[in-house]
Number of protein chains: 2
Amino acid sequence: MSELSKTAHLVLGMIRNGRRTGYDIKRLVEVSTRFFWAASPGQIYPELKRLEAGGLLSRSEEPHGQRVRSVYSLTDDGERALHEWLTGSSDLTFELRNEGLLKLFFADGLSANEAIEVVRAMRAEHEAILNGIRKATPAYRADRKFGYITWLYGLGLHGWVVDWCRQLERDLAEGRVPFEREARDASAAKHR
Amino acid sequence: MSELSKTAHLVLGMIRNGRRTGYDIKRLVEVSTRFFWAASPGQIYPELKRLEAGGLLSRSEEPHGQRVRSVYSLTDDGERALHEWLTGSSDLTFELRNEGLLKLFFADGLSANEAIEVVRAMRAEHEAILNGIRKATPAYRADRKFGYITWLYGLGLHGWVVDWCRQLERDLAEGRVPFEREARDASAAKHR
DNA sequence: ATACTCATGTAAGCTGTTACATGATTCT
DNA sequence: AGAATCATGTAACAGCTTACATGAGTAT
């Protein structure tokens, strides 16, 4: 089958982690990978079908009252594809879309108060994300510690951003040139 | 005209900042907003046309040798649309696609060394981004300080990630449960 | 009884990338 | 003279979101 998308690998991984139906995957994504790799049902269900058609997943139907659920598991090929992706060394996608920062980039035409408001809004957003992550605390299990580690990453990263915003708000309120020390450090590192 | 996309606002902002042609915008994007809001020529040129058709930009043709360049500037409507976006309070887009973290999420099936290798690859990627940002040092200008501030954000953010990876590599190498202190803090914050 | 969650999907549409194409201009 | 950069675009496609649709099971 043709090249798998990153989201296809997400689906494979979720199934190996014991998620068995599309709905199961959707629910776990919402409280875990969503914060660094989103996937909507409109993607998950077609992806399951593609992976089945490509022989990486096998589907069986389980009765559930009157209804029948589609339950998936990895084939040997699927297992192999997942492992190859995990241990492979192709370039890692990293993409960011940060509208707050984009506004900030253009804030020179704004008044001091308007600029501070942009930073405040940015901070509020990251605080909301932080709350979402906190609410999604994973149960700690020794055999599944990496879910926990990526959860800590979310807390740390957005915590860093919130602190950065707070610092910038202070600097802007006092009319100070922001982050002078960091600027010196960066420039020093460059000339090393 | 119908609702403007975020990238449309990027184009408006770039033009108000003195970028006048599509090529000009493309070049600046590559060394500045790219790190938090990418935009390819395949988007920029059609967007310029749309904005002109919508009356937010006016186009004039400047001779340049034999060739004619399309030079854009903001109309009053364009100016207004930009300012409304900058000061408006609608939810800010924040999206992340972090393949390294996605691999890490599924690293429980890997050997210790393979897991460490995932973290190392992730760190290498952020170090490369960091280099890209450093190379793109903006000239500091008192009347354009926010471009500088968002540049510092990039250094700070990716610097944080590199440190985080390094710490995790150490913890994994020593078989320690990672980030125990942060976990306690987070849990304490939750129950406050 | 009613509302919520479980469960599965489809269709339309938007955003964005990649790859290609063209030709002028400037630099070395 | 040749290479790099300036400059402008287009077409095909990938990826993803939103909104919608349907209906069963479960809790209050």
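Numbered from 1 within each chain, the chains take letters A, B, ... in sequence-line order.
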*Asks:* Distance-only, no hydrogens or angles: does the B:Thr7 side chain make a donor-acceptor pair with backbone N or O of B:Leu10 under 3.5 Å?
*Replies:*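 The answer is no, because no donor-acceptor pair under 3.5 Å joins these two groups.
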*Asks:* So, does A:Lys103 use its side chain to make a donor-acceptor pair with the main chain of B:Trp85 at under 3.5 Å?
*Replies:*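 Yes, because the side chain of A:Lys103 sits within donor-acceptor range (under 3.5 Å) of the backbone of B:Trp85.
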*Asks:* Given atom CD1 of B:Ile25 and atom C1' of D:dC6, what is their separation to the nearest angstrom?
*Replies:*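 After rounding, the reported distance stands at 15 Å.
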*Asks:* For residues 63-72 of chain B, which residue pairs qualify under side chain to side chain donor-acceptor pair (under 3.5 Å), counting only residues two or more places apart or in two chains?
*Replies:*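 Sorted result for residues 63-72 of chain B: B:Arg59-B:Ser70.
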*Asks:* Find the distance B:Leu96:CG to D:dG15:C1' and express it as a whole number of Å.
*Replies:*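 Atom-to-atom, B:Leu96 to D:dG15, this comes out as 17 Å.
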*Asks:* Take the protein atom CD1 of A:Ile44 and the nucleotide atom C1' of D:dT17, then report the distance between them rounded to whole Å.
*Replies:*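 About 12 Å, once rounded to whole Å.
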*Asks:* Just jot down the salt bridge (charged side-chain N to carboxylate O under 4.0 Å, His left out) partners of B:Arg170, sequence neighbours excluded, or say none.
*Replies:*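 Salt bridge (charged side-chain N to carboxylate O under 4.0 Å, His left out) list for B:Arg170, sorted by chain: empty.
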*Asks:* Give a yes or no on whether a salt bridge exists between B:Glu47 and B:Arg50, defined as a side-chain N under 4.0 angstrom from a carboxylate O.
*Replies:*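 Yes, charged N to carboxylate O under 4.0 Å.
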*Asks:* So do the side chains of B:Glu117 and A:Thr87 get within less than 4.5 Å of each other, counting heavy atoms only?
*Replies:*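 A side-chain contact is absent here, since even the closest heavy-atom pair is not under 4.5 Å.
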*Asks:* Check the distance between D:dC6's P and B:Asp24's CG and give it to me in whole angstrom.
*Replies:*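 Checked: the CG to P distance equals 10 Å.
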*Asks:* Show the distances under 3.5 angstrom between N or O atoms of the protein and N or O atoms of nucleotides 12-16 of chain C.
*Replies:*
{"residue": "C:dG16", "atom": "OP1", "partner": "A:Arg97", "partner atom": "NH1", "Å": "3.3"}
{"residue": "C:dG16", "atom": "OP2", "partner": "B:Thr7", "partner atom": "OG1", "Å": "3.0"}
{"residue": "C:dG16", "atom": "OP2", "partner": "B:Gln43", "partner atom": "NE2", "Å": "2.6"}
{"residue": "C:dG16", "atom": "O5'", "partner": "B:Gln43", "partner atom": "NE2", "Å": "3.0"}

*Asks:* Using whole Å, what does the distance between atom C1' of nucleotide C:dA11 and atom OH of A:Tyr45 come to?
*Replies:*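 It works out to 17 Å between those atoms.
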*Asks:* Excluding sequence neighbours, so at least two apart, what forms salt bridge (charged side-chain N to carboxylate O under 4.0 Å, His left out) with A:Glu99?
*Replies:*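 B:Lys6.
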*Asks:* Say whether, by atom type as modelled, one donor and one acceptor occur between the side chain of B:Arg16 and the main chain of B:Leu82 under 3.5 angstrom.
*Replies:*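 No; judged by distance alone, with no hydrogens or angles, the pair does not exist.
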*Asks:* Return the residues of residues 15-23 of chain B meeting this criterion: a heavy atom under 4.0 Å from some atom of DNA chain D. Order them by number, or give none.
*Replies:*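 Residues of residues 15-23 of chain B under 4.0 Å from DNA chain D: B:Thr21, B:Gly22, B:Tyr23.
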*Asks:* Among all residues two or more places apart in sequence or in another chain, which pass the side chain to side chain contact (heavy atoms under 4.5 Å, CB included) test with B:Ala121?
*Replies:*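 Scan of B:Ala121 (side chain to side chain contact (heavy atoms under 4.5 Å, CB included), adjacent residues dropped) gives A:Leu92.
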*Asks:* Can you tell me if the side-chain N/O atoms of B:Lys26 get under 4.0 Å from OP1 or OP2 in C:dT17?
*Replies:*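 For B:Lys26, the contact criterion (side-chain N or O under 4.0 Å from OP1 or OP2 of C:dT17) is not met.
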*Asks:* For B:Arg80, what residues pass the salt bridge (charged side-chain N to carboxylate O under 4.0 Å, His left out) criterion, not counting sequence neighbours?
*Replies:*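 For B:Arg80 the salt bridge (charged side-chain N to carboxylate O under 4.0 Å, His left out) partners, ignoring immediate neighbours, are B:Asp77.
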*Asks:* Using a strict threshold of under 4.0 Å (side-chain N to carboxylate O), is an ion pair present between A:Lys49 and A:Glu52?
*Replies:*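 Between A:Lys49 and A:Glu52 there is no salt bridge, as every charged N stays at least 4.0 Å from the carboxylate O atoms.
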*Asks:* In B/S/- notation, 5' to 3', how is nucleotides 19-28 of chain C contacted by protein heavy atoms closer than 4.0 Å?
*Replies:* ----BSS---
*Asks:* Over its full length, what angle do the end axes of the helix from C:dA1-D:dT28 to C:dT28-D:dA1 make, each axis taken from five pairs and the result rounded to 10 degrees?
*Replies:*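 The two end axes of the helix from C:dA1-D:dT28 to C:dT28-D:dA1 meet at 40°.
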*Asks:* For B:Arg34, check salt bridge (charged side-chain N to carboxylate O under 4.0 Å, His left out) against everything at least two apart and list the hits.
*Replies:*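 For B:Arg34 there are no salt bridge (charged side-chain N to carboxylate O under 4.0 Å, His left out) partners, ignoring immediate neighbours.
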*Asks:* Starting from C1' on D:dG25, measure out to CD on A:Glu62 and report it in whole angstrom.
*Replies:*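 Whole-Å distance recorded here is 16 Å.
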*Asks:* Return the set of residues passing side-chain hydrogen bond (donor to acceptor under 3.5 Å, both in side chains) with B:Ser90 (not counting sequence neighbours), or none when no residue passes.
*Replies:*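 Expected list: none.
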*Asks:* For residues 123-132 of chain B, please give each side-chain donor-acceptor pair under 3.5 Å, one per line with the distance, not counting sequence neighbours.
*Replies:*
{"residue": "B:Arg123", "atom": "NE", "partner": "B:Glu169", "partner atom": "OE2", "Å": "2.7"}
{"residue": "B:Arg123", "atom": "NH1", "partner": "B:Glu127", "partner atom": "OE2", "Å": "3.1"}
{"residue": "B:Arg123", "atom": "NH2", "partner": "B:Glu169", "partner atom": "OE1", "Å": "2.9"}
{"residue": "B:His126", "atom": "ND1", "partner": "B:His158", "partner atom": "ND1", "Å": "3.1"}

*Asks:* Send over the distance from A:Glu47 CD to C:dG9 C1', rounded to a whole Å.
*Replies:*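 So the two atoms are 15 Å apart, to the nearest Å.
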*Asks:* Rounding to a whole Å, what distance do you find between B:Glu95:CD and D:dT17:C1'?
*Replies:*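 Spelled out: CD on B:Glu95 to C1' on D:dT17 is 9 Å.
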